[in-house]
Amino acid sequence: MFEKRRQARREQELRDHIALQYVTSPLWQVRALDSHWFCPYCGQVGVILPPNQPILERIFHHLTERCEVFEQSGDAGLLSLDELKKIAHQFVVGAKISEDRAWQKWDEAGRWYCPFCGEAAATAREKAGPLDPETFAEIAVHISVCPSSRDGSGSKLPAQEVSKRIVQANTIHRLAEKIAVKVRRERVWQVRSRDGKWVCPYCVKLVPEVDVSTDERLAGAGPAMAEHLVVECPGYLGKKRPVGSSGELRTLAFGDTPAPPGEYESELHPLLALRTITEEIRISQEQMAEQREMEQSLVHARRLQLGMLPETPRIPGFEFEILYHPCGHLAGDFYDFLRIDDHRLGIVIGDVSGHGVDAALVMGMVKKVLNMAGRDDPDPARALAKTNAEIYRDLERGRFVTIWYGVFDARDKMLRFARCGHEPCFLYNPSRRPKLTTYKPAGMALGIDPGPRFEKTLAIEELRLVVGDHLLLFTDGLPETKSLEDEEFGMERVKAVLNKYGSGPPGMLVEKLDRISRKFRGGGAPTDDLTLVAVRVVE
């Protein structure tokens with residue numbers, strides 16, 4: 001009898017605990033597709049709604065009958081909120097890929113196309129059978145960062161638009177295979193300028209985007225050549241015949257200029273020439289294998305970096321939108337959100353000088369140190385001072401990090417922030433006077449001074465946010481975007497876009513900034529990473 005009472009008391013205590021946590025803890029409120037509740041212990045779908053019995057009773061049943069983690073570890077086995085949200089997000093992506101035809105768009109090369117932005121965002125390792133985990137992870141990461149997706153809830157592009165892009169990609173893919181054969185057999189496809197740019201035999205123009213400066217790059221240039229022909233070549237699109245010989249093409253392209261160095265014109269004995277070619281092929285194959293291995297390592301590192309991007313916070317009365325565009329495999333830009341306590345959130349955006357692997361390593365170190373310092377001390381100035389002191393001794397001289405770091409308090413909507421050599425932030429609200437304000441408090445970048453001067457120059461700004469406020473943070477990749485004429489996008493254009501679209505949701509603002517800056521770039525390759533963080537107060 002006593003044992004039964006004790007058991008009943010334990011069950012009631014557990015039911016009370018579940019009821020309290022379900023009402024008060026965001027960790028216990030994670031759902032997907034509005035119908036699947038995720039267990040904060042095992043991360044599995046614990047309840048599928050609508051239930052035939054009360055939700056709390058079904059949670060109790062899951063924990064006591066099915067959840068081994070709860071049974072073995074209790075509250076020590078709780079997942080973090082970010083971990084559980086990531087699991088739920090991946091569940092949604094998996095469900096969409098399995099059930100929604102708009103999410104099942106692939107081209108012949110095995111590339112998956114996002115139903116929101118229409119871009120090829122992942123490549124399957126296996127072109128048949130179930131989706132491999134790495135490709136699935138790439139898709140999930142893309143959906144979480146794609147500005148058009150809004151984490152899977154955005155508006156999809158028309159199906160015919162995505163299909164049109166896939167048809168074009170398939171055309172390029174097939175043509176590239178044919179061109180690869182022509183490049184090996186026909187000299188007219190091997191003509192290049194002195195600086196290694198390809199000359200198209202259809203339009204007789206230099207194509208700067210196609211680099212054939214080495215024989216190895218020439219051999220692998222088929223996809224880039226095909227893209228030029230299918231997308232923009234007036235000769236090919238006009239169904240004109242290509243120039244018939246390399247000599248004729250050189251004459252048309254360069255006039256009396258002799259053949260550029262590097263184009264092969266063998267006068268050797270055929271057997272000796274064959275040996276030379278065979279040796280060149282062997283060396284080229286070894287170099288290609290090394291390059292593929294390095295590229296695979298960089299792709300893997302990029303996937304890991306993207307996979308570590310933080311979850312976009314969900315705060316009642318606020319909307320957040322993120323855009324994160326590395327210009328290479330690895331980025332020096334970063335952003336982060338620090339849950340300091342139940343009512344304070346740290347917001348970070350930063351940029352490491354330089355690019356590549358070194359910048360990415362420094363970025364990871366700075367994020368980690370600032371995360372620890374920010375959680376220990378809610379004061380932005382002290383957290384940044386601790387971070388600077390910690391990383392200064394590990395940074396090579398000449399390397400620095402710019403950061404904008406603010407701490408938002410949900411109780412009074414007060415934002416306290418500092419700027420360490422970073423771009424200014426903009427605040428737009430049509431109800432304020434002026435409508436657009438630039439905040440540029442003093443502060444030097446991290447890694448320049450070990451402490452005294454850094455702390456002396458650092459200023460803190462305080463801002464009480466109100467309904468209608470739209471805060472825009474960005475890295476220098478936005479204002480320093482360059483046109484083909486080498487003109488910078490500049491702050492005034494950023495302000496103009498904010499004045500025009502700042503009254504709308506942050507997703508619209510971020511998408512417009514991305515689209516307008518891309519158009520300004522005019523097809524030129526980006527020269528820097530680009531990160532945007534937009535925050536809007538809605539109530």
Visitor: Kindly compute the distance separating NZ (K368) from CE (M363), expressed to the nearest 0.5 Å.
Guide: 13.5 Å
Visitor: Is the shortest side-chain heavy-atom distance between F116 and L157 below 4.5 Å?
Guide: no
Visitor: Just by modelled atom types, is the V466 backbone N or O under 3.5 Å from a matching donor or acceptor in the D469 side chain?
Guide: yes
Visitor: Locate the shortest heavy-atom distance separating H142 from C117; write the atom from each residue and the value.
Guide: NE2-SG, 3.5 Å
Visitor: Pairs of donor and acceptor atoms involving the side chains of residues 400-409, under 3.5 Å and at least two apart or interchain, shall be tabulated with distances.
Guide:
from, atom 1, to, atom 2, distance (Å)
T402, OG1, H422, ND1, 2.8
D409, OD1, R411, N, 3.0
D409, OD1, R411, NE, 3.0
D409, OD2, R411, NE, 3.4
D409, OD2, R411, NH2, 2.7

Visitor: For side chain to side chain contact (heavy atoms under 4.5 Å, CB included), just list the numbers for R536 and V538, CA-CA rounded to whole Å, side-chain angles, deciding distance to a tenth of an Å, and then say yes or no.
Guide: CA-CA 6 Å; R536 183 166 175 252; V538 293; 3.7 Å; yes
Visitor: Looking at every non-hydrogen atom in both residues, tell me the closest pair between E539 and G317 and how far apart they are.
Guide: CG-CA, 3.2 Å
Visitor: So, for Q90 and A140, which heavy atoms are closest and what is the spacing to 0.1 Å?
Guide: CG-CB, 4.1 Å
Visitor: Which residues satisfy the side-chain hydrogen bond (donor to acceptor under 3.5 Å, both in side chains) test with S73, sequence neighbours excluded?
Guide: none
Visitor: Just so I know, are the side chains of I166 and K105 near enough to count as touching, which here means a heavy-atom distance under 4.5 Å?
Guide: yes
Visitor: Output yes when a side-chain donor or acceptor of N429 lies under 3.5 Å from a complementary backbone atom of V467, and no otherwise.
Guide: yes
Visitor: Checking D351 side chain against D476 main chain: does a donor-acceptor pair fall under 3.5 Å?
Guide: no
Visitor: With R165, which residues qualify under salt bridge (Lys or Arg N to Asp or Glu O under 4.0 Å), at least two apart?
Guide: E119, E161
Visitor: From F60 CZ over to Q12 CD, what is the distance, rounded to the nearest 0.5 angstrom?
Guide: 9.0 Å
Visitor: Would you find a donor on one side and an acceptor on the other, under 3.5 Å apart, between the side chain of R399 and the backbone of S353?
Guide: yes
Visitor: Let's go through F318 and L465 carefully: what are the C-alpha distance in whole Å and the side-chain angles of both, what is the deciding distance for side chain to side chain contact (heavy atoms under 4.5 Å, CB included) to 0.1 Å, and is it a yes or a no?
Guide: CA-CA 11 Å; F318 290 82; L465 299 177; 4.2 Å; yes
Visitor: Show your working on side chain to side chain contact (heavy atoms under 4.5 Å, CB included) between T123 and W112 and close with a plain yes or no.
Guide: CA-CA 6 Å; T123 302; W112 175 82; over 6 Å; no
Visitor: Are more than 12 heavy atoms, taken from residues, nucleotides or ligands other than R432, located less than 6.0 Å from that residue's CZ atom?
Guide: yes
Visitor: On a heavy-atom basis, which atom in L84 and which in G43 lie closest, and how many Å separate them?
Guide: CD1-CA, 3.9 Å
Visitor: Please check if the number of heavy atoms outside D75 that lie under 6.0 Å from its CG is greater than 12.
Guide: yes
Visitor: Given L472, which partner from the list L513, V533, V497 fulfils the side chain to side chain contact (heavy atoms under 4.5 Å, CB included) test?
Guide: L513
Visitor: Is the shortest side-chain N to carboxylate O distance from K85 to D82 below 4.0 Å?
Guide: no
Visitor: Indicate whether the side chain of S80 and that of E83 have a donor and an acceptor atom separated by less than 3.5 Å.
Guide: yes
Visitor: Any side-chain donor paired with an acceptor under 3.5 Å for N170 and R174?
Guide: no
Visitor: Run the side chain to side chain contact (heavy atoms under 4.5 Å, CB included) test on E11 and R15 for me, step by step, so that the C-alpha distance in whole Å, both residues' side-chain angles and the decisive distance to 0.1 Å come before the verdict.
Guide: CA-CA 6 Å; E11 288 186 4; R15 292 179 196 275; 4.1 Å; yes
Visitor: A side-chain contact here means heavy atoms from C-beta on lying under 4.5 Å apart; do I322 and V145 qualify?
Guide: no
Visitor: Any ion pair linking R416 and E462 (charged N to carboxylate O, less than 4.0 Å)?
Guide: yes
Visitor: Any non-hydrogen side-chain atom of E480 less than 4.5 Å from a side-chain atom of L478?
Guide: no
Visitor: Suppose we screen for ring pair (Phe, Tyr, Trp, His ring centres under 6.0 Å). Which residues come up paired with F426, at least two apart in sequence or across chains?
Guide: F474
Visitor: With rounding to the nearest 0.5 angstrom, report the CG to OH distance, L79 to Y41.
Guide: 10.0 Å
Visitor: Where is the tightest heavy-atom contact between S517 and T481, given as atom of each residue plus distance?
Guide: O-CG2, 3.7 Å
Visitor: For the backbone of L415 and the side chain of R464, can you confirm whether one donor and one acceptor N or O come within less than 3.5 Å of each other?
Guide: no
Visitor: Less than 4.0 angstrom from a charged side-chain N to a carboxylate O is my criterion; do D514 and R518 meet it?
Guide: yes
Visitor: I need the Q44 CD to R66 CZ distance, nearest 0.5 Å.
Guide: 8.5 Å
Visitor: Would you compute the distance between atom CG of L471 and atom CG of L427 and round it to the nearest 0.5 angstrom?
Guide: 6.0 Å
Visitor: Return the minimal non-hydrogen interatomic distance between A32 and A88, and the atom names on each side.
Guide: CB-O, 4.0 Å
Visitor: Could you tell me whether R393 and E390 make a salt bridge, using a distance below 4.0 angstrom between a side-chain N and a carboxylate O?
Guide: yes
Visitor: Decide, yes or no, whether a salt bridge links D377 with K386 under the criterion of side-chain N to carboxylate O below 4.0 Å.
Guide: yes
Visitor: Going by the rule ring pair (Phe, Tyr, Trp, His ring centres under 6.0 Å), which residues pair with Y113 if we only count those two or more places apart in sequence or in a different chain?
Guide: none
Visitor: Tell me whether E461 is salt-bridged to R419, with the criterion being a basic N under 4.0 Å from an acidic carboxylate O.
Guide: no
Visitor: Between CD of Q29 and CZ of R314, what distance do you get to the nearest 0.5 Å?
Guide: 12.5 Å
Visitor: Crowded around E227 CD? As in, over 12 foreign heavy atoms under 6.0 Å?
Guide: no
Visitor: Look at atom CE of M365 and say whether more than 12 heavy atoms of other residues, nucleotides or ligands are closer to it than 6.0 Å.
Guide: yes
Visitor: Please confirm whether W28 and F38 have ring centers closer than 6.0 angstrom.
Guide: no
Visitor: With side chains defined as the heavy atoms from C-beta onward, is the minimum distance between F91 and H36 less than 4.5 Å?
Guide: yes
Visitor: May I ask you to test the F489-I516 pair for a side-chain heavy-atom distance under 4.5 Å?
Guide: yes
Visitor: Looking at side-chain heavy atoms only, is the closest gap between T475 and D529 below 4.5 Å?
Guide: no
Visitor: Is there a side-chain contact between C42 and F70 (heavy atoms, below 4.5 Å)?
Guide: no
Visitor: Q104: which residues meet the side chain to side chain contact (heavy atoms under 4.5 Å, CB included) condition with it, sequence neighbours left out?
Guide: R101
